[in-house]
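Okay, structure first, notes after.
Chain naming here is simple, since letters A, B, ... match the order of the sequence lines and numbering starts at 1 in each. Just so it is clear, the values below take in all heavy atoms, side chains as well, and ignore hydrogens, waters and symmetry mates.
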Amino acid sequence: MRMSQHFGQTLRNAPAEADTEGYRLLLRAGFIRQLAAGIFSYLPLARRSLTKIENIIRQAMNDIGGQEVTMPVVHPGDLWRETGRWYTIGDELTRFQDRNERDMVLAMTHEEVVADLVRHEISSYRQLPRLIYHIQTKWRDEPRPRAGLIRVREFTMKDSYSLDQDEEGLDKQYRAHFQAYFDIFHRCGLPVIAVRSDVGMMGGSMAHEFVYLNEIGEDTLFICDNCGYAANREVATFNRPEAIDEPPQPLEKVATPNTPTIEALAQFLDIPKSKTAKAVFMMATVADETGNHEQFIFAVVRGDMEVNETKLANAVRAKSLRPATEAEIRAIGAEPGYGSPVGVHDCLIVVDTAVTISSNLVAGANEAGYHYRNVNHGRDYEAHIITDIVSAYAGAPCPQCQHSLKAVRGVEVGNIFKLGTRYTEALGATFLDKDGQSRPVVMGSYGVGIGRLLACIAEHYRDENGLKWPITVAPYQVHLIVLPGDETAPIAEKLYVDLQAAGVEVFYDDRDERPGVKFKDADLIGIPLRLTISKRSLEQGGAEYKRRDSDERSIVPLDEVIAHVQAEIKALQAVIDTEVKPVPFRA
RNA sequence: CGGGGCGUGGCGCAGUCCGGUAGCGCGCUUGCAUGGGGUGCAAGAGGCCCCCGGUUCGAAUCCGGGCGCCCCGACCA
């Protein structure tokens with residue numbers, strides 16, 4: 001492409017809304033433009049990089065047996081009613097009516113359509129396993145888009161769906177994706193880690209996220225530097241301290257004026273927070289045959305720990321949780337700020353395991369200004385559910401090796417889910433097995449956010465002058481600059497033509513601009529290799545060659561330029577290839 | 001949904017408190033000079049001051065209502 005013909009310009013000043021550096025550079029270099037909150041246009045440079053990313057993904061998917069399809073962006077609402085998600089998903093699912101007043105939705109994901117296809121196309125075990133995928137626009141009306149391309153409302157995603165007879169087949173395809181995803185991200189030059197994650201609104205039995213570790217991310221992860229344990233905050237566990245073998249003491253009511261918080265209580269009684277039990281009151285929305293209803297949840301955790309709402313919601317199979325009101329708290333016999341499970345009624349008591357192995361805790365007396373000393377689970381109250389409902393924290397002991405966990409931020413660029421039969425059962429997508437038995441197809445779903453991946457690469461490969469694309473995803477391979485001089489123009493023109501004829505992707509700056517402008521733009525756009533034809537370079541015997549990631553410049557004789565460039569591209573590619581290697585599966 | 005900020009040529013901003021001819025830098029156009037790190041000089045083009053209503057002789061500025069964008073939180077396959 002001749003830069004004189006190129007659509008899109010570089011900017012000296014980035015628009016004010018750009019807050020992360022990678023986003024600023026993508027705007028300044030003319031890759032993307034924002035149309036509305038969380039809605040972007042991709043200009044030619046970005047489009048070329050996206051196409052390369054997509055093709056890397058296509059190859060990886062095809063390599064594990066994937067077949068590309070395209071599924072619609074607009075779905076009938078009835079299909080989403082059949083799986084129940086019409087009712088369970090809130091405003092992030094955009095609904096509208098067509099001219100005949102039929103309910104429609106904008107696709108935020110495609111499980112429904114896949115299951116619908118499956119029920120029409122798959123009838124026999126002979127047609128399984130299968131893997132289909134597509135690269136398609138999705139719409140999620142996020143409450144708060146942010147950080148440029150990291151969290152958007154309209155986005156392109158590769159999503160694949162595995163179809164199997166049984167769990168065993170699913171596991172095989174799941175593991176194939178696990179490796180394929182590492183291959184994809186490594187070919188794009190992006191370092192990622194895989195972490196266990198919550199299955200969330202997708203439902204299912206196992207899920208991993210692929211995370212690019214960076215402060216701009218909005219996922220909090222807990223990782224162990226010692227053994228490699230890594231998990232999303234939503235599911236991260238840690239090793240509970242050993243039970244303190246302390247004989248139960250008699251229950252004792254004590255006056256504790258003005259101590260509605262654990263902080264104040266521990267200070268007032270001069271005890272560590274770990275010797276207290278904290279009551280957290282939530283209202284859970286639970287669905288059963290009769291529809292949705294609310295259930296009061298009385299969660300008990302040790303005073304030094306925090307309730308993890310995802311874990312709690314999973315423990316009680318709630319669709320959603322909200323804090324209980326003071327009136328609701330009093331209605332079960334508790335008192336805000338002084339609550340304990342001792343003597344409450346009409347609620348589901350969920351107790352964290354750390355509480356059940358601790359004895360003689362201080363807990364509320366369900367009366368303002370009073371607490372009980374020596375509260376013991378099993379003697380003073382019974383839990384309905386005992387499980388892990390607290391968040392891991394920085395410094396907590398690793399569940400695998402006891403080493404101290406570290407909290408880090410990251411961006412989720414991909415995920416893999418074992419869905420099971422949730423969607424196929426709901427839609428009646430069944431097949432006949434060898435024995436003639438009708439069984440639901442077992443599904444997995446696997447996503448990669450394409451734009452988000454581009455944004456992460458931009459964030460990772462940059463310096464103070466601009467972007468520095470890895471060769472595999474760079475919009476062009478070579479940035480050719482021509483500077484004024486008697487012979488420079490015809491030589492550069494010929495080089496431009498010859499490089500392209502040799503299969504090299506060239507971005508040719510043929511504009512009438514000052515040298516400084518051209519060099520600044522080249523650095524900003526970040527194409528990996530740069531060639532300059534100038535009076536000076538010709539005097540020195542050829543073209544000046546420079547890599548974006550190095551300050552070294554060299555002169556390459558004109559008749560060797562093409563071979564040199566091809567060799568350099570190959571060398572850069574080889575560096576990427578060494579990163580693409582098997583990664584052991586961690587469940 | 002709660003809290004905060006912002007909305008003025010393409011981009012970045014000043015002007016708003018205290019109402020009186022709409023400004024600056026960058027970019028853009030033209031010319032001359034320059035020609036290896038966003039060059040210099042000169043002359044230009046370009047604005048429903050987010051929208052609607054109100055107050056006023058007069059509103060970018062004051063008042064009311066809306067919309068949009070950004071940040072923090074809530075939320076988030």
Side-chain angles (χ1 to χ4, degrees), chain A residues 8-20 23-24 27-28 30 33-39 85 88-93 107-112 138-148 150-153 155 157 159 161 197-204 207-210 217-220 232-234 309-310 313 320-323 411-419 422-423 444-449 452 464-466 481-486 488 509 511-524 530 532-540 544 546 551 553:
Chain A
Q9 59 176 338
T10 56
L11 305 172
R12 276 209 217 196
N13 299 320
E17 72 269 10
D19 49 343
T20 64
Y23 178 29
R24 281 178 59 82
L27 286 167
R28 283 192 54 211
R33 294 291 181 249
Q34 185 176 28
L35 179 64
I39 304 177
R85 288 210 285 186
T88 57
I89 297 178
D91 288 340
E92 64 267 33
L93 176 65
M108 51 192 293
T109 175
H110 286 78
E111 283 77 13
E112 277 78 2
K138 309 210 187 287
W139 170 263
R140 290 182 194 173
D141 199 355
E142 295 287 347
R144 183 149 98 81
R146 72 186 113 173
I150 299 297
R151 186 160 204 83
V152 293
R153 295 193 293 169
F155 57 101
M157 172 172 276
D159 41 331
Y161 300 89
S197 64
D198 185 56
V199 294
M201 82 169 192
M202 305 295 293
H208 284 84
E209 285 178 358
F210 289 78
E218 48 192 0
D219 272 17
T220 299
N232 188 292
R233 185 192 163 281
E234 294 169 335
E309 287 194 23
T310 305
S320 63
L321 292 175
R322 65 167 173 85
V411 181
E412 178 188 355
V413 287
N415 59 33
I416 57 180
F417 279 89
K418 283 189 181 178
L419 289 180
R422 161 152 190 223
Y423 295 94
S445 95
Y446 316 87
V448 175
R452 190 181 270 191
E464 62 282 7
N465 294 315
I481 289 175
V482 59
L483 298 183
D486 292 339
T488 56
D509 192 347
R511 299 172 302 171
D512 179 21
E513 286 289 352
R514 302 270 311 179
V517 172
K518 294 192 174 193
F519 290 131
K520 287 287 186 193
D521 275 347
D523 286 348
L524 181 58
R530 190 181 85 187
T532 306
I533 301 292
S534 66
K535 195 171 141 204
R536 181 191 296 180
S537 79
L538 293 176
E539 281 165 6
Q540 292 175 26
E544 181 192 88
K546 180 184 171 299
D551 289 332
R553 298 152 196 232

For rC71(B), does either OP1 or OP2 sit under 4.0 Å from a side-chain N or O belonging to Arg144(A)? yes

[N] [atom2] sits how many Å from [X] [atom1], rounded?
X: Ile150(A); N: rC71(B); atom1: CD1; atom2: C1'; answer: 16 Å
X: Ile39(A); N: rC70(B); atom1: CD1; atom2: P; answer: 10 Å
X: Glu218(A); N: rA74(B); atom1: CD; atom2: C1'; answer: 13 Å
X: Asp141(A); N: rC1(B); atom1: CG; atom2: C1'; answer: 14 Å
X: Arg146(A); N: rC75(B); atom1: CZ; atom2: P; answer: 11 Å
X: Asp486(A); N: rG35(B); atom1: CG; atom2: P; answer: 13 Å
X: Arg24(A); N: rC11(B); atom1: CZ; atom2: C1'; answer: 11 Å
X: Leu524(A); N: rC26(B); atom1: CG; atom2: C1'; answer: 15 Å

Rounded to whole angstrom, note down the [atom1] distance from [N] over to [M].
N: rU34(B); M: rU39(B); atom1: C1'; value: 7 Å
N: rG20(B); M: rG2(B); atom1: P; value: 36 Å
N: rC50(B); M: rU16(B); atom1: P; value: 15 Å
N: rG64(B); M: rG47(B); atom1: C1'; value: 26 Å
N: rC62(B); M: rG7(B); atom1: P; value: 12 Å
N: rC63(B); M: rU55(B); atom1: P; value: 15 Å
N: rC76(B); M: rC17(B); atom1: P; value: 44 Å
N: rA22(B); M: rU61(B); atom1: P; value: 13 Å

Starting at the 5' end of RNA chain B and moving along, which residue's nearest nucleotide shows up first, Gly414(A) or Lys518(A)? Lys518(A)

Arg536(A) and Glu544(A): salt bridge (charged side-chain N to carboxylate O under 4.0 Å, His left out), yes or no, with the steps? CA-CA 9 Å; Arg536(A) 181 191 296 180; Glu544(A) 181 192 88; 5.8 Å; no

Distance-only donor-acceptor check, side chains Glu209(A) and Asn415(A), under 3.5 Å: no

Quiz question: by atom type and distance under 3.5 Å, do the side chains of Arg28(A) and Tyr23(A) form a donor-acceptor pair? no

Assess whether one donor atom and one acceptor atom, taken from the side chain of Asn465(A) and the base of rG37(B), lie less than 3.5 Å apart. no

Using only modelled atom types and a 3.5 angstrom limit, is any donor from either the side chain of Arg28(A) or the base of rG38(B) paired with an acceptor on the other? yes

Kindly indicate, with the supporting measurements, whether the criterion side-chain contact (heavy atoms from CB on, under 4.5 Å) is fulfilled by Phe417(A) and His208(A). CA-CA 7 Å; Phe417(A) 279 89; His208(A) 284 84; over 6 Å; no

Test side-chain contact (heavy atoms from CB on, under 4.5 Å) applied to Ile416(A) and Phe210(A), step by step: CA-CA 8 Å; Ile416(A) 57 180; Phe210(A) 289 78; 4.0 Å; yes

Which atom names give the shortest non-hydrogen contact between Pro145(A) and Val152(A), and what distance separates them? CB-CA, 4.5 Å

What's the shortest heavy-atom distance between Arg33(A) and Leu27(A), and which atoms?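 Minimum heavy-atom separation between Arg33(A) and Leu27(A): NH1-O, 2.5 Å.
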
For Arg144(A), give me all partners under side-chain hydrogen bond (donor to acceptor under 3.5 Å, both in side chains), at least two apart in sequence or on another chain. none

Residues in ring pair (Phe, Tyr, Trp, His ring centres under 6.0 Å) with Tyr161(A), at least two apart?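 Here no residue qualifies.
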
Just the atom pairs and distances: protein N or O near nucleotides 8-10 of chain B's N or O, under 3.5 Å.
none

Between the protein and nucleotides 29-34 of chain B, which nitrogen or oxygen pairs are less than 3.5 angstrom apart?
from, atom 1, to, atom 2, distance (Å)
rU34(B), O2, Arg514(A), NH1, 2.3

Does [N] have a Watson-Crick or wobble mate here (both distances under 3.5 Å), and if so which one?
N: rA74(B); result: none
N: rC57(B); result: rG20(B)
N: rC48(B); result: none
N: rC41(B); result: rG31(B)
N: rC6(B); result: rG68(B)

Do the non-hydrogen side-chain atoms of [X] and [Y] ever get within less than 4.5 Å of each other?
X: Asp521(A); Y: Thr10(A); value: yes
X: Ser445(A); Y: Leu419(A); value: yes
X: Asp219(A); Y: Arg233(A); value: no

Would you indicate which nucleotide in [options] comes nearest to any side-chain atom of [X]?
X: Pro15(A); options: rG27(B), rC11(B), rC76(B); result: rC11(B)
X: Pro143(A); options: rG35(B), rC75(B), rC71(B); result: rC75(B)
X: Pro484(A); options: rG37(B), rG35(B), rG38(B); result: rG35(B)

Salt-bridge test for [X] and [Y]: reply yes if a basic N is under 4.0 Å from a carboxylate O, no otherwise.
X: Glu92(A); Y: Arg153(A); result: no
X: Arg24(A); Y: Asp19(A); result: no
X: Arg422(A); Y: Glu111(A); result: no

Let's go through Thr488(A) and Leu538(A) carefully: what are the C-alpha distance in whole Å and the side-chain angles of both, what is the deciding distance for side-chain contact (heavy atoms from CB on, under 4.5 Å) to 0.1 Å, and is it a yes or a no? CA-CA 8 Å; Thr488(A) 56; Leu538(A) 293 176; 3.9 Å; yes

How would you label the contact of [X] with the nucleic acid (heavy atoms, under 4.0 Å): base, sugar-phosphate, or nothing?
X: Ala522(A); value: nothing
X: Phe155(A); value: base
X: Arg452(A); value: nothing
X: Arg553(A); value: base

Check: protein-nucleotides 66-69 of chain B nitrogen or oxygen pairs below 3.5 Å:
from, atom 1, to, atom 2, distance (Å)
rC69(B), OP1, Ala37(A), N, 2.8

Taking everything shown except Lys546(A) itself, do over 12 heavy atoms lie less than 6.0 Å from its NZ?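 Result for NZ/Lys546(A): enclosed.
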
Under-3.5 Å N/O pairs linking protein and nucleotides 22-25 of chain B:
from, atom 1, to, atom 2, distance (Å)
rG25(B), N2, Asn13(A), ND2, 3.1

